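One structure below.
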Amino acid sequence: MRLKKTVVMVGMMGAGKTAVGTAVARLLAVPFLDSDEEIVRAADRSIAEIFERDGEPFFRARETEVLGRLLKGTPCILSTGGGAFLSEINRGLIAEFGVSVWLRADLDLLWQRVRHKTTRPLLRTENPRETLRTLYEARRPFYQMAEIVVDSLPSYTVEDMARRVVAALAARPDVLEGE
């Protein structure tokens with residue numbers, strides 16, 4: 001199978017964008033990239049440091065620049081930060097040069113996956129579950145604009161999800177071409 005355009009994994013924190021994206025890339029024998037890691041590499045600072053020193057608008061501008069560059073490069077599987085798909089500019093770039101895949105998971109599943117993680121700065125609040133719910137409700141209308149939706153269930157392994165994503169991509173000859 002040949003990947004014809006970059007597949008952009010979108011969704012909430014805990015949806016599996018990195019884990020499932022990495023597994024999809026392995027199945028398709030293509031590179032896996034993470035837009036947040038690319039921003040950190042380019043800035044030589046952590047995302048938390050970028051937010052603290054330069055603010056969110058600066059970070060979002062760099063995120064758009066990095067997305068644009070990666071989308072115009074060799075087709076790959078690209079994981080994005082949870083907020084990247086909220087930007088109309090980013091959604092336009094993704095629609096023009098790639099394809100968006102929303103890893104849709106319900107709030108309970110997301111909470112089970114993120115509640116013990118200390119690497120989620122947005123959840124460092126007095127009531128992290130309520131914060132997650134608020135983010136989920138606010139972001140869901142944007143994620144619903146994704147071209148492809150793959151549902152996640154608690155019983156699915158990362159490999160199950162990767163196979164489901166590949167099957168969804170295979171239904172799109174403009175994205176994934178059979179041999």
Side-chain angles (χ1 to χ4, degrees), residues 1-51 54 56 58-105 110 113-114 117 119-122 139 142-143 145-150 152 156-170 172-177:
M1 300 185 110
R2 184 175 75 86
L3 189 63
K4 295 167 85 172
K5 57 173 88 169
T6 292
V7 174
V8 182
M9 310 299 277
V10 303
M12 287 290 294
M13 63 181 87
K17 297 181 300 287
T18 299
V20 173
T22 301
V24 170
R26 196 170 43 248
L27 286 173
L28 297 177
V30 298
F32 171 81
L33 296 173
D34 181 301
S35 64
D36 281 352
E37 285 181 18
E38 296 292 320
I39 294 165
V40 166
R41 185 176 300 124
D44 198 28
R45 293 198 308 272
S46 74
I47 288 171
E49 289 170 329
I50 295 168
F51 265 75
D54 303 307
E56 185 174 0
F58 178 87
F59 171 79
R60 296 297 174 198
R62 302 297 75 78
E63 182 176 59
T64 297
E65 289 169 6
V66 166
L67 270 174
R69 178 175 52 83
L70 296 176
L71 282 162
K72 292 171 188 161
T74 303
C76 65
I77 307 301
L78 176 59
S79 174
T80 59
F85 203 64
L86 308 186
S87 159
E88 188 174 349
I89 294 168
N90 292 348
R91 288 194 308 276
L93 284 168
I94 293 166
E96 183 175 355
F97 298 105
V99 63
S100 51
V101 176
W102 177 24
L103 298 181
R104 182 168 58 188
L110 295 170
R113 291 176 176 173
V114 302
K117 298 237 167 108
T119 55
R120 309 288 184 181
L122 290 176
R139 292 178 174 187
F142 296 97
Y143 296 146
M145 296 180 204
E147 289 183 64
I148 297 171
V149 178
V150 178
S152 183
Y156 293 166
T157 65
V158 168
E159 284 69 31
D160 291 337
M161 283 297 293
R163 283 190 293 273
R164 291 172 59 81
V165 170
V166 170
L169 296 174
R172 292 279 306 267
D174 63 314
V175 177
L176 192 60
E177 189 173 65

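These numbers were taken from a predicted model, which means no experiment stands behind them.
The CZ atom of Arg41 sits 12.0 Å away from the CG atom of Asp36 when rounded to the nearest 0.5 Å. Distance check: Ile94 CD1 to Leu78 CG gives 7.5 Å after rounding to the nearest 0.5 Å. Annotation: the span from Glu37 atom CD to Ile47 atom CD1 amounts to 9.0 Å, rounded to 0.5 Å. Annotation: the span from Leu93 atom CG to Thr6 atom OG1 amounts to 12.0 Å, rounded to 0.5 Å. Residue Ser152 holds its OG atom at 4.0 Å from CZ of Arg113, rounded to the nearest 0.5 Å. Atoms CG and OG1, on Leu33 and Thr22 in that order, are 10.0 Å from each other to the nearest 0.5 Å.
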Practice item. I would like to know whether Leu169 and Ile148 meet side-chain contact (heavy atoms from CB on, under 4.5 Å); could you show each step before the answer? Key: CA-CA 8 Å; Leu169 296 174; Ile148 297 171; 3.8 Å; yes
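Between Met12 and Tyr143, some side-chain heavy-atom pair lies under the 4.5 Å cut-off. Considering only heavy atoms from C-beta on, Val8 comes within 4.5 Å of Leu71 through its side chain. For the pair Leu3 and Ile77, the minimum side-chain heavy-atom distance is below 4.5 Å.
For Lys4, the side-chain contact (heavy atoms from CB on, under 4.5 Å) partners at least two apart in sequence or on another chain are Arg2, Glu177. When the side-chain contact (heavy atoms from CB on, under 4.5 Å) test is applied to Ala19, the partners found at least two apart in sequence or on another chain are Val158. In this structure, the side-chain contact (heavy atoms from CB on, under 4.5 Å) partners of Arg69, at least two apart in sequence or on a different chain, are Glu38, Val66. Residues passing the side-chain contact (heavy atoms from CB on, under 4.5 Å) test with Glu65, sequence neighbours excluded: Arg62.
Note on residues 85-103: pairs passing side chain to side chain donor-acceptor pair (under 3.5 Å), not counting sequence neighbours, are Thr64-Asn90. Note on residues 157-166: pairs passing side chain to side chain donor-acceptor pair (under 3.5 Å), not counting sequence neighbours, are Tyr156-Arg164, Thr157-Asp160, Asp160-Arg163.
Using the six-membered ring where Trp is involved, Phe51 and Phe59 have ring planes that are tilted, between 30° and 60° apart.
Counting non-hydrogen atoms of other residues, nucleotides and ligands closer than 6.0 Å to CG of Asp174 gives a total above 12.
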